[in-house]
2 protein chains.
Amino acid sequence: MDQDDDHKQRTEVTLREVSAAVGLGMSTISRVLRNHGSFSKATRDRVMKAVEELGYVPNRIAGTLASSGSNLVGIVIPSLHNIVFPDLLSGAALALNPIGFQTVIAVTDYDLEQEQKVIQSMLAWRPAAFLVAGVEHTERTRAMLKNSGVRIAELLDTDGEGIDIVVGFSQREAGAVSARHLIERGYRRIGYVGPEFAFDPRARKRFEGFSAVVAEAGASVAETELMGRTSSTEAGRAALERMLARSPGLDAVYFSNDDFAVGGLFHCFANNISVPSKLAIMGFNGLDIGRFAPQPLTTVRTPRTEVGEIGARMVMAQGGAKVVDIPFELVRGATT
Amino acid sequence: MDQDDDHKQRTEVTLREVSAAVGLGMSTISRVLRNHGSFSKATRDRVMKAVEELGYVPNRIAGTLASSGSNLVGIVIPSLHNIVFPDLLSGAALALNPIGFQTVIAVTDYDLEQEQKVIQSMLAWRPAAFLVAGVEHTERTRAMLKNSGVRIAELLDTDGEGIDIVVGFSQREAGAVSARHLIERGYRRIGYVGPEFAFDPRARKRFEGFSAVVAEAGASVAETELMGRTSSTEAGRAALERMLARSPGLDAVYFSNDDFAVGGLFHCFANNISVPSKLAIMGFNGLDIGRFAPQPLTTVRTPRTEVGEIGARMVMAQGGAKVVDIPFELVRGATT
DNA sequence: GTAATATTTGGCAGCGCTGCCAAAATTGTG
DNA sequence: CACAATTTTGGCAGCGCTGCCAAATATTAC
């Protein structure tokens with residue numbers, strides 16, 4: 001059955017051909033297709049029929065060139081393997097798709113040079129707007145973005161200088177809130193597990209806020225483990241094991257995200273370390289995996305989807321506030 | 001400091017302006033920028049300097065229109081919240097980025113109508129190729145794709161008719177292998193937990209392969225729980241709870257993916273159901289979360305990154321096999 | 001009926017770039 | 001030094017579409 005005249009060289013169907021087929025001018029066809037300007041009902045039907053029959057697919061490359069204005073929104077994130085970012089994308093899509101915009105996603109692997117590269121190549125497609133995770137960029141990136149005249153929103157982190165719009169929350173404050181919780185609960189010999197700071201400036205800021213509060217309370221972060229790019233569960237589990245081997249007396253460990261924390265929790269389960277009586281565990285982000293663990297994880301629920309949605313909305317709007325703070329929320333589970 | 005003459009209306013820098021600035025023809029500038037054709041070293045330097053100074057960013061929309069051939073590869077997947085798909089994307093990026101191609105990602109939410117819509121709008125951007133998850137599509141999608149003349153690879157599932165290239169493995173066989181393992185280990189009263197089949201044809205095929213083997217062995221799938229779109233951990237945990245309430249005598253449960261399975265495992269931990277002596281748990285996909293659980297999960301490791309990479313490579317190549325099978329692997333943990 | 005108004009349609013320039021080919025500049029040869 | 005061979009450069013058409021405006025047609029008023 002599937003035996004088409006498949007041997008290519010099919011010349012693309014263009015507006016001109018539709019025009020010829022219908023016997024109407026190109027502008028008319030174009031107006032019908034974009035539902036813009038006026039035309040009779042009869043014309044509309046004839047055009048649609050021909051479009052259908054010829055299998056015409058408008059060429060938006062030509063359209064965008066002619067009208068100067070694409071429906072593309074560039075989104076630049078460090079990774080897709082941290083659920084934070086798919087959530088962010090869902091939020092953005094929620095705001096963008098209904099108004100006919102398409103997202104183009106680029107991943108930087110937590111590398112600012114890479115970020116610069118992908119932004120440069122996205123710029124060549126003249127997106128209508130940019131959403132970028134974080135406020136840390138190379139100088140060149142910042143300059144390109146500014147000169148491009150494209151509206152840009154930086155997301156997830158309000159600690160620092162933004163280029164245009166910033167939507168997120170204070171990572172530093174989120175770290176501080178976490179620390180206050182542990183301190184209040186009486187923990188004093190505290191460890192920290194997170195990614196290498198060079199990778200993730202947001203994790204670094206959280207740690208800064210965290211350790212400042214711990215210090216204020218007269219304690220200090222007794223142990224830290226910073227890890228490269230391994231699987232989070234594995235890394236969290238192994239980090240906690242190493243840490244406890246060195247400092248068996250720790251009474252709480254703060255993990256820079258829930259994936260790490262669940263790894264830590266797994267280590268405790270596997271080694272009969274009772275949580276939280278022997279060791280308290282706290283995560284960050286409020287992922288389901290932590291929420292539905294045998295002992296629900298204490299964590300900070302971050303407004304990822306909202307940040308994506310509001311960021312997208314703002315970047316598409318005209319004026320508006322420059323910095324929007326979206327609140328996060330401490331969620332006490334059974335691990336602290 | 002950041003006080004630029006920000007009040008827009010900045011007219012875009014074009015090739016023509018660079019040309020005027022350097023005092024060379026547009027074609028020459030274009031050749032230098034694309035490093036294509038011949039020009040002197042001196043010319044190159046002059047051009048690069050001007051480009052830098054003017055902050056010129058080539059307009060690929062115009063370039064693509066003129067040269068007919070974009071560097072965009074469309075990737076269509078059902079979700080970003082199942083790690084399978086980010087893995088797929090990483091694989092594709094691995095193959096594509098080094099040869100200068102950019103990926104444009106669209107998410108369908110497991111909805112074939114939505115898939116049709118996003119493919120249609122991507123087609124308007126004339127991508128160089130398409131990578132699509134699965135071989136299930138609406139008739140109209142299939143027709144559009146065929147007529148487009150764009151090379152397309154369907155990924156992750158070899159059970160069914162492909163349009164052009166198919167890279168993946170037999171989901172049905174993967175289900176069968178899982179069943180054989182459980183049967184061999186002596187389990188007979190088996191439950192199944194997975195997503196509503198309408199959402200996920202690949203899960204359905206695995207289930208078919210699975211239940212056929214179970215039936216062959218003279219047993220049958222005693223219980224099934226099919227769930228909508230909730231968080232996986234939560235859904236897996238709740239589903240197992242409901243299932244055991246109905247049929248306390250089950251001796252094994254097969255989860256359609258590791259996220260669900262970890263939810264199930266959590267239920268067992270929290271309720272002191274000893275695994276696997278009282279109840280065996282098996283997942284699918286080979287995620288880290290299962291691998292580093294207190295009891296490593298028995299699962300099937302699927303070659304997601306490889307599928308993405310090989311799919312991308314094949315779709316960019318000329319001829320080549322039409323169906324490529326990438327093997328999966330059963331990984332026995334401590335839960336069966 | 002005609003004039004005035006509203007609706008629908010077509011023509012043409014041009015978006016910013018590339019491909020093609022011819023013109024100009026450079027180098028090599030005897 | 002003239003001539004051929006080679007390298008470097010510029011001009012122009014056109015990719016497929018949209019925006020603008022004028023032309024054609026339909027509708028309404030008187």
Side-chain angles (χ1 to χ4, degrees), chain A residues 10-48 50-51 54-72 100 121 123-128 148-149, chain B residues 10-48 50-51 54-72 100 121 123-128 148-149:
Chain A
R10 48 176 107 248
T11 180
E12 188 156 308
V13 183
T14 68
L15 236 209
R16 159 165 281 108
E17 291 166 56
V18 180
S19 160
V22 188
L24 284 167
M26 288 171 54
S27 350
T28 303
I29 315 289
S30 173
R31 271 182 302 243
V32 171
L33 256 27
R34 286 175 299 147
N35 196 30
H36 175 275
S38 64
F39 44 82
S40 70
K41 181 83 181 68
T43 298
R44 173 192 195 91
D45 294 341
R46 280 205 294 161
V47 170
M48 286 318 208
V51 163
L54 297 175
Y56 170 69
V57 179
N59 185 332
R60 229 196 263 279
I61 296 178
T64 301
L65 182 60
S67 71
S68 61
S70 87
N71 67 334
L72 264 25
S121 48
L123 235 21
W125 284 98
R126 302 297 190 262
S148 71
Chain B
R10 48 176 106 246
T11 179
E12 188 155 305
V13 183
T14 67
L15 235 209
R16 160 165 282 107
E17 292 165 56
V18 180
S19 160
V22 188
L24 285 168
M26 286 170 54
S27 352
T28 303
I29 314 291
S30 174
R31 272 181 302 244
V32 171
L33 255 26
R34 287 176 298 147
N35 196 29
H36 174 276
S38 64
F39 44 82
S40 70
K41 182 83 181 70
T43 297
R44 168 189 201 94
D45 294 342
R46 278 204 295 158
V47 169
M48 286 319 208
V51 163
L54 297 174
Y56 170 69
V57 178
N59 184 332
R60 229 194 265 277
I61 296 179
T64 302
L65 182 61
S67 71
S68 61
S70 87
N71 67 334
L72 261 25
S121 51
L123 234 21
W125 285 98
R126 302 296 190 264
S148 72

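Put simply, the side chain of B/V47 does not reach to within 4.5 Å of the side chain of B/F39, judged on heavy atoms. Within the 4.5 Å cutoff, the side chain of A/R46 has heavy atoms near those of the A/L24 side chain. Under the 4.5 Å side-chain criterion, counting only non-hydrogen atoms from C-beta, A/N59 is not in contact with A/T14.
Note on B/L24: only backbone sugar-phosphate atoms sit closer than 4.0 angstrom, heavy atoms only; bases stay farther off. At a threshold of 4.0 angstrom between heavy atoms, the contacts of B/S67 are confined to the sugar-phosphate backbone, with no base atom among them. Note on A/T64: nothing from the nucleic acid sits closer than 4.0 angstrom, heavy atoms only.
For D/dT18, the OP1/OP2 oxygens have a side-chain nitrogen or oxygen of A/R34 closer than 4.0 Å. Between D/dT18 and A/R60, no contact under 4.0 Å exists linking OP1 or OP2 to a side-chain N or O. Listed pair A/T14 / D/dG16 fails the phosphate criterion, with no side-chain N or O lying under 4.0 Å from OP1 or OP2. Distances shorter than 4.0 Å separate none of the side-chain N or O atoms of A/S40 from OP1 or OP2 on C/dT8. Distances shorter than 4.0 Å separate some side-chain N or O of B/T28 from OP1 or OP2 on D/dG10.
The CH2-P distance, from A/W125 to C/dC15, rounds to 19 Å in whole Å. The CG atom of A/L33 sits 16 Å away from the P atom of D/dG16 (whole-angstrom rounding). Atom P of nucleotide C/dG10 and atom CD1 of A/I29 are separated by 8 Å, given to the nearest angstrom. Atom C1' of nucleotide C/dC15 and atom CZ of B/R16 are separated by 11 Å, given to the nearest angstrom. In this structure, B/E12 atom CD and C/dC15 atom P are separated by 12 Å, rounded to whole Å. The distance from atom CG of A/L65 to atom C1' of D/dG14 is 12 Å, rounded to the nearest whole Å. When the P atom of D/dC20 is taken as reference, atom CE of A/M26 falls 17 Å away, rounded to whole Å. Note: CG (B/L15) to C1' (D/dT9) measures 15 Å, nearest angstrom.
Side chain A/R31 to base C/dG10: a donor-acceptor pair is found below 3.5 Å. Interface remark: the A/S27 side chain does form a donor-acceptor pair with the C/dG11 base, using a distance-only criterion of under 3.5 Å.
Among the nucleotides D/dT18, C/dT7, D/dT7, the one closest to the side chain of B/S38 is D/dT7.
Both A/F39 and B/A66 lie near DNA chain C, and the one whose nearest nucleotide falls closer to the 5' end is A/F39.
Between the side chains of A/T28 and A/R31, at least one donor-acceptor pair of N or O atoms lies under 3.5 Å.
Panel note: side chain B/S30, backbone B/M26; no donor-acceptor pair is recorded below 3.5 Å.
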